[in-house]
Amino acid sequence: LFRCLVTLGRGVQTPGLGCSHRSSSICLRWEEEKKEDGVKWTQLEHRGPYFAPVYEPLPDDVRFYYDGKPLKLSLATEEIATFYAKMLDHEYTTKEIFQNNFFNDWRKEMTSDEQKIIKDLDKCDFREIHKYFVDKSEARKALSKEEKQKLKEEADKIQEEYGYCILDGHREKIGNFKTEPPGLFRGRGDHPKMGMLKKRIMPEDVVINCSKDSKIPEPPEGHKWKEVRFDNTVTWLASWTENIQNTLKYIMLNPSSKLKGEKDWQKYEVARRLKDVVHKIRAQYRIDWKSKEMKKRQRAVALYFIDKLALRAGNEKEEGETADTVGCCSLRVEHIRLHPQLDGQEHVVEFDFLGKDSIRYYNKVSVEKMVFKNLQLFMKNKDPSDDLFDRLNTSILNRHLQSLMDGLSAKVFRTYNASITLQEQLKALTNSEDNVAGKLLSYNRANRAVAILCNHQRSTPKTFEKSMQNLQAKIDAKKQQVEEAQEELKKAEDEFEDTKDAKAEANVEKKKKLLKRLEEQLAKLNVQATDKEENKQIALGTSKLNYLDPRISIAWCKKFGVPIEKIYNKTQREKFAWAIDMADEDFEF
């Protein structure tokens with residue numbers, strides 16, 4: 001599959017792919033006999049999901065108070081109260097929508113007697129419960145090394161039992177083998193369902209998928225599975241429907257598995273194929289801006305936005321099903337404003353809407369004149385709530401994209417533009433003379449350009465200010481050390497001038513080395529501070545793991561002598577093992 005030419009006992013390197021002796025066993029694994037179309041595996045055996053532990057009641061001396069008086073709660077009501085209590089110090093519990101959704105769902109689970117008493121969230125006092133869990137967390141942190149080791153061994157035992165499966169004779173790691181514990185839904189941005197109760201997943205909710213000839217997983221005692229399937233055209237091991245968004249959740253293979261790596265590699269290869277036809281596609285949508293068919297004009301302008309701004313296509317949703325989030329095809333007139341001139345630029349489109357996960361997309365972009373004119377035409381005689389592209393939907397757009405290139409979708413455009421942007425930014429920003437810290441700053445700046453393009457935002461972390469203060473304290477202390485080292489060096493140089501002594505000369509060299517080391521440490525700390533400040537509201541990880549061809553980053557590391565572990569942690573290196581073995585320093589996306 002990865003075009004690795006391997007003979008028994010030795011790896012033969014294919015130019016440009018970098019498949020070495022070290023990776024010959026990996027390459028052999030990828031080159032096993034291919035299955036017929038649609039078939040993912042012939043053998044799949046596993047233990048099923050590991051369920052969240054049952055609720056442990058609070059100690060008798062930890063109480064809930066209502067209207068200033070202690071109130072003993074039923075077990076189910078108490079468990080849900082602990083979900084809210086644990087979050088008391090979080091911004092979520094200050095939001096009205098979170099509070100209302102929590103209280104509504106909580107009351108549904110109360111006994112009739114509790115419902116008669118507990119009618120106002122403002123009269124509920126969770127502080128004693130909150131303190132109990134804070135103390136419990138601190139006690140866990142303060143455990144001895146031996147106690148922590150014991151807990152680790154217990155977790156490893158569970159991982160060993162539930163965290164692996166047998167797939168076509170290979171022992172493969174499973175990704176998320178635990179069901180998510182019950183709790184309160186958070187969502188991203190201002191999600192209208194934040195605070196709602198995520199219910200406990202039971203075996204009766206779970207569909208198991210395995211091979212017919214395997215040992216079917218045993219459900220927990222006293223329970224049964226919702227269903228057992230033998231579907232070898234999918235890669236999931238178990239699934240269930242979660243109650244908040246009514247969406248399917250899956251237990252999947254670990255990203256480092258053969259099937260996941262293969263899928264990842266194919267995704268980036270499809271995006272790479274786009275570079276061969278993208279100029280033709282761009283030329284065509286420019287022609288279509290002047291089409292006599294309004295449908296073609298709208299499609300061409302939408303495709304321009306997807307290409308240039310990395311907008312998502314946008315999917316139709318049932319009314320009231322989720323937040324009022326939109327993508328390119330579902331934009332309404334109210335989501336854009338047109339400015340013939342703004343901030344010294346012509347033909348400016350001002351976007352303001354909620355995108356995926358209720359993250360706000362706000363951008364002011366100077367567009368081509370024909371795009372601007374078409375938008376004026378599309379908005380003519382329409383109300384703010386009317387569709388901007390009233391003759392277009394995602395199905396129409398995707399059919400058109402498929403006709404342009406096999407496998408092409410809005411996401412492929414997003415992956416292509418993200419990867420190309422990273423490659424171009426790395427070329428422009430990297431200075432081969434910089435030290436590793438300086439090169440990493442350039443890498444993160446290149447990555448940030450992609451995150452901004454893809455609108456990957458995050459709220460400033462709660463710990464940001466304290467973290468920056470700690471870092472600044474380190475910088476100040478290091479500056480003091482540098483100043484002291486400079487004084488020490490001057491004294492040593494003066495002493496050498498006076499004595500011309502060999503011992504004094506050696507002392508000068510020693511002081512010079514110390515000063516140089518301290519100055520490098522100070523420079524590294526300053527780079528860290530700059531990096532942290534610049535990225536406080538940008539989520540770099542999303543694009544790095546999902547939209548950027550890892551071979552670009554790995555080739556950059558190899559070319560500029562940056563350890564790969566500085567870019568990818570251990571889990572990520574496992575996920576991108578195929579790319580590490582494939583890419584040499586000359587790789588071009």
Side-chain angles (χ1 to χ4, degrees), residues 37-38 262-317 325-332 335-336 349 351 353-357 359 361 363 365 367-368 370-372 374-375 377-378 387-424 450 453-456 542-543 545-549 552 589:
D37 282 351
E262 183 177 311
K263 192 176 177 182
D264 235 12
W265 177 75
Q266 288 171 344
K267 175 179 82 172
Y268 292 114
E269 283 302 296
V270 171
R272 284 181 88 196
R273 279 198 286 117
L274 178 55
K275 70 181 176 185
D276 297 326
V277 294
V278 73
H279 300 299
K280 185 180 172 184
I281 292 170
R282 287 169 179 164
Q284 184 59 52
Y285 69 55
R286 279 181 166 79
I287 292 169
D288 289 345
W289 290 342
K290 300 176 184 178
S291 172
K292 291 178 181 178
E293 289 183 60
M294 184 59 72
K295 180 180 172 182
K296 273 191 178 181
R297 284 195 180 207
Q298 290 192 2
R299 189 181 69 193
V301 171
L303 189 47
Y304 170 80
F305 286 156
I306 285 167
D307 182 17
K308 294 299 178 186
L309 303 177
L311 295 187
R312 291 182 172 89
N315 294 305
E316 299 80 11
K317 300 185 293 290
T325 59
V326 296
C328 187
C329 295
S330 47
L331 284 171
R332 298 191 293 272
H335 293 136
I336 70 167
V349 182
F351 294 87
F353 61 89
L354 287 184
K356 186 183 175 187
D357 297 322
I359 299 293
Y361 182 90
N363 202 358
V365 187
V367 300
E368 297 192 32
M370 273 308 300
V371 172
F372 194 83
N374 272 310
L375 289 171
L377 183 64
F378 303 160
D387 287 337
L388 179 65
F389 302 116
D390 55 299
R391 307 196 184 183
L392 184 70
N393 58 41
T394 49
S395 299
I396 292 169
L397 181 67
N398 282 328
R399 278 199 302 272
H400 175 62
L401 292 174
Q402 279 289 332
S403 72
L404 298 173
M405 187 190 98
D406 185 39
L408 185 58
S409 66
K411 188 170 184 179
V412 172
F413 257 108
R414 198 170 164 83
T415 304
Y416 166 79
N417 281 318
S419 293
I420 281 290
T421 299
L422 179 73
Q423 185 166 274
E424 289 172 350
V450 176
L453 172 74
C454 295
N455 197 41
H456 291 149
T542 308
S543 51
L545 293 183
N546 299 303
Y547 291 102
L548 299 176
D549 189 325
I552 299 168
F589 178 78

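Predicted, not measured: the structure shown is a model, and the values here were computed from it.
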Minimum heavy-atom distance Lys290-Met370, with the two atoms named: CG-CE, 3.9 Å
Arg272 side chain near Phe589 side chain, heavy-atom distance below 4.5 Å: yes
Derivation and outcome, side-chain contact (heavy atoms from CB on, under 4.5 Å), residues Leu375 and Phe305: CA-CA 12 Å; Leu375 289 171; Phe305 286 156; 3.8 Å; yes
Gln298 versus Asp390, closest heavy-atom pair with distance: NE2-OD1, 2.9 Å
Residue pair Asp387 / Leu392, side-chain heavy-atom distance below 4.5 Å: no
NZ or CZ of Arg332 within 45° of Phe353 ring axis and under 6.0 Å: no
Reported CG-to-CD distance for the pair Asp264 and Glu269, which is rounded to 0.5 angstrom: 11.5 Å
Test item: Tyr361 and Val326 side chains (from C-beta on) under 4.5 Å apart, heavy atoms: no
Where Tyr268 and Leu548 come nearest, the two heavy atoms and their spacing: OH-O, 3.2 Å
Donor-acceptor contact present, side-chain Thr394 to main-chain Ala313, <3.5 Å: no
Distance (rounded to the nearest 0.5 Å) between Ser291 OG and Asn374 CG: 9.5 Å
Residue pair Leu303, Gln284: steps toward the side-chain contact (heavy atoms from CB on, under 4.5 Å) verdict: CA-CA 11 Å; Leu303 189 47; Gln284 184 59 52; over 6 Å; no
Lys295, NZ atom: more than 12 neighbouring heavy atoms under 6.0 Å: no
Gap between atom CG of Asn393 and atom CG of Asn398 - 0.5 Å precision: 9.0 Å
Nearest heavy-atom neighbours spanning Phe413 and Leu401: CE1-CD2, 4.0 Å
Atom of Ile552, atom of Ser419 and distance for their closest heavy-atom approach: CD1-O, 3.4 Å
Heavy-atom check, side chain of Leu422 versus side chain of Asp549, under 4.5 Å: no
Heavy atoms of other groups near Lys267 NZ, more than 12 under 6.0 Å: yes
Point-to-point distance, once rounded to the nearest 0.5 Å, from CD1 of Ile336 to CG of Leu388: 4.5 Å
side-chain contact (heavy atoms from CB on, under 4.5 Å) between Ile281 and Leu408, worked out: CA-CA 11 Å; Ile281 292 170; Leu408 185 58; 3.8 Å; yes
Atom of Leu397, atom of Arg299 and distance for their closest heavy-atom approach: CD1-CG, 4.1 Å
Any residue meeting side-chain hydrogen bond (donor to acceptor under 3.5 Å, both in side chains) with Glu424, in chain and number order, not counting sequence neighbours: none
Salt bridge (charged side-chain N to carboxylate O under 4.0 Å, His left out) involving Glu368 - partner list, sequence neighbours excluded: Arg286
Distance (rounded to the nearest 0.5 Å) between Leu274 CG and Ser409 OG: 9.5 Å
Main-chain N/O of Asp406 paired with Arg273 side-chain donor or acceptor, under 3.5 Å: yes
Sub-4.5 Å side-chain heavy-atom contact between Asp288 and Glu293: no
Pairwise side-chain contact, Met294 with Leu377, heavy-atom cut-off 4.5 Å (strictly under): yes
Partners passing side-chain hydrogen bond (donor to acceptor under 3.5 Å, both in side chains) against Asp307 (at least two apart in sequence or in another chain): Arg282, Tyr285, Asn417
Donor-acceptor contact below 3.5 Å, side chain Lys280 vs main chain Leu404: no
Atom pair NZ (Lys411) and CG (Asn546), whose distance is rounded to the nearest 0.5 Å: 6.5 Å
